[in-house]
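Below is one structure, written out as C-alpha cells; the observations come after it.
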Protein chains: 2
Amino acid sequence: MARTSPQMPVRLAQSAFALFSRRGIANVSLDQVASHAGVTKGCVYWHFQSKDELIKAACAHYYRDFHRRMNAEIAPVRDPLKRLERALRRSVRICLLDAENRVFTMDIWSLSLRDTEVRRGWQQFYDSVREFYIGLVRAAVLSGQMEVDNPERAVNLMLEAIEGIKLRAMFEPQICSPAEENEIVKSLLEILGCGKRAAKAARFGFNQQHTGEYRTP
Amino acid sequence: MARTSPQMPVRLAQSAFALFSRRGIANVSLDQVASHAGVTKGCVYWHFQSKDELIKAACAHYYRDFHRRMNAEIAPVRDPLKRLERALRRSVRICLLDAENRVFTMDIWSLSLRDTEVRRGWQQFYDSVREFYIGLVRAAVLSGQMEVDNPERAVNLMLEAIEGIKLRAMFEPQICSPAEENEIVKSLLEILGCGKRAAKAARFGFNQQHTGEYRTP
DNA sequence: ACATTTCCATACTGGCCGGTATGGTTCGCG
DNA sequence: CGCGAACCATACCGGCCAGTATGGAAATGT
C-alpha cells in the first residue's frame, strides 16, 4: 500500500471545511476541495463515498478541532475562573467573531432541516460543549470564585445567548466585530452569574436598533 | 395583449413560496414552480428575469401575506388586549407551528449570508412586524390593560423569543407541535408584560433537555 | 382587415458537477 | 523478483437545470 499520506482524510476534511465556510457548501464542488488539498477528485472518492460523507467529515473535523482548541486554551492555566474566562474568550473568537464560521454553522443548520445525521451530529456537539462548560462552572463554584445555584441552567442561558448573537449578527455583522470581543465575553460571564446581577441583566437585544452595544442596560 | 391572467406574477410567487417551503429553494427548479402554477417555464421567464427575481418575489409575497393575515385577524376585534393576543396566536401558528414556514425562513437566512437584497428584505419585514406589535402593545397600555414601561424593549424581547424558539425547534421539533400553541402564546404574552412577572420569567431554554415545556420556571 | 403587441408554450442549448471507469505508481509480501 | 493491494490521477459520462430562441394564439390598435 502506498502510504504517501496517512492523514489524507483529515487534509480533505480540513480543505472541505475551509471552502465550505468561505463560500457555502452548495457553492463548492469536489474538484475545488480536491484542488485545495493538492489532490484530485479521484482521491476524494477513494476516501469518501459521496459528497455527503465529506460534509459529515468536515463537520466532525470542526467539532473535534473545537474541543482540541478549547482544551489547549485552558490547559496551561490552573485557576478555575481564569480557565472559564479563557474558554469563553476562545469560544467567542471561534464561533462569533469569525464570520466564515458563522456561515458554516448556518449551512449546517440549513442542512439539518432535511438530513437526520447532520442534525444529530450538531446536537451531539452542542451537548458536549454544554457539558464542557458545566464542568468549568462547577469547578469555579467549588473554588468559591462563583456563586451559581444552577450551573446547568446558567450554561444553557449562556449558550442560548451565543446562538442568539450569532443569529443577530447575520443582519448586523458589526455586533461581532473584533472590538466587541471584550464586551461579549463580559456579557456571557454575567449570564453565568459572575456579575452582581444575574442572567436577566445580560439579555442581548436581538435586532434592536443597534446602539453599538448588545446588552440591554 | 392576451390578458388571460393579470395575476400571473402573484400566482407564480405563490407557487414558488409553496414549493420553496416544502423542499427548500435549492431543490426546486423553475420547471417545477411553473408546473405547480399550471404554466411552463417560458411564462416564468416572461414575468421574471431570473430565479433570483422569483425568490425575491416569493419573499415579498410571504411578507405581504403575513401582514394581510395579521390585519385580518385583528380587524373584527376592538378590545386592544384581545387584538394583541389574537395577533400573537396567529403569528405563532404561521411562524412557529408551521414546519414548512420554518424551512422557508431558514433558507432565507441562509441566502441572506451572501445576498444583500434578500437580507435587507428580511430586515425590513422584521422592522415592520416590530412596529406592528409596538402599536398593539401601546394601545393595550393606553387602555389600561397592560403595564409596560418600555414597549419597544418588550416587543424586541418577545420577537427574540420567537426566533429563539424557531431555532431550537430545528433540533427539537416537538416543542412546536400544535399542542404547544397555548403555552407558547402565554409565554410570549408574559414576556410582553402581561403576567405578574416580567420578561425574566419567560426565558425560553434553548436546547435544554426538553421537559415538554420551553419556559424555565 | 392587417399589423403589432402581449403573453405563453415548446424545444433546445450549454455548463456545472456528482459520480464512475480505468490506468498508473508505489509499497508490502511471499 | 514478481504479484497484488493500496493509493491516487486522468478522462469521461450523464443528468439536472438555468437560461434562450422561437413560434403561436389572443387581444389591441388603426
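Below, chain A is the first sequence line, B the second, and so on; all start at residue 1.
- In this structure, B:R23 atom CZ and D:dC16 atom C1' are separated by 13 Å, rounded to whole Å.
- Nearest nucleotide to the B:L30 side chain, out of C:dC17, D:dA18, D:dA9: D:dA18.
- Of the two residues contacting DNA chain C, namely A:Q32 and B:W46, the nearest-nucleotide position lying further toward the 5' end is that of B:W46.
- Here the nucleotide nearest the side chain of A:S50, chosen from D:dA18, D:dC7, C:dG19, is C:dG19.
- Scanning atom types as modelled, one donor and one acceptor separated by under 3.5 angstrom connect the side chain of B:K41 and the base of D:dG19.
- Between B:H67 and B:F125, the two ring planes are perpendicular [angle over 60°; tilted spans 30° to 60°].
- The listed nucleotides are C:dC8, D:dA18, C:dG19; the one nearest the side chain of B:M8 is C:dC8.
- The neighbour count for A:R120 CZ, taken as heavy atoms of other residues, nucleotides or ligands under 6.0 Å away, does not exceed 12.
- Between B:F20 and B:F104, the angle of the ring planes stays under 30°, which puts this pair in the parallel group of the 30/60° scheme.
- Between A:Y45 atom OH and D:dA11 atom C1' the separation is 15 Å, expressed in whole Å.
- At the phosphate of D:dA6, neither OP1 nor OP2 sits under 4.0 Å from any side-chain N or O atom of A:H47.
- For B:C43, the listed nucleotide lying nearest its side chain is C:dA9; candidates were C:dG18, D:dC8, C:dA9.
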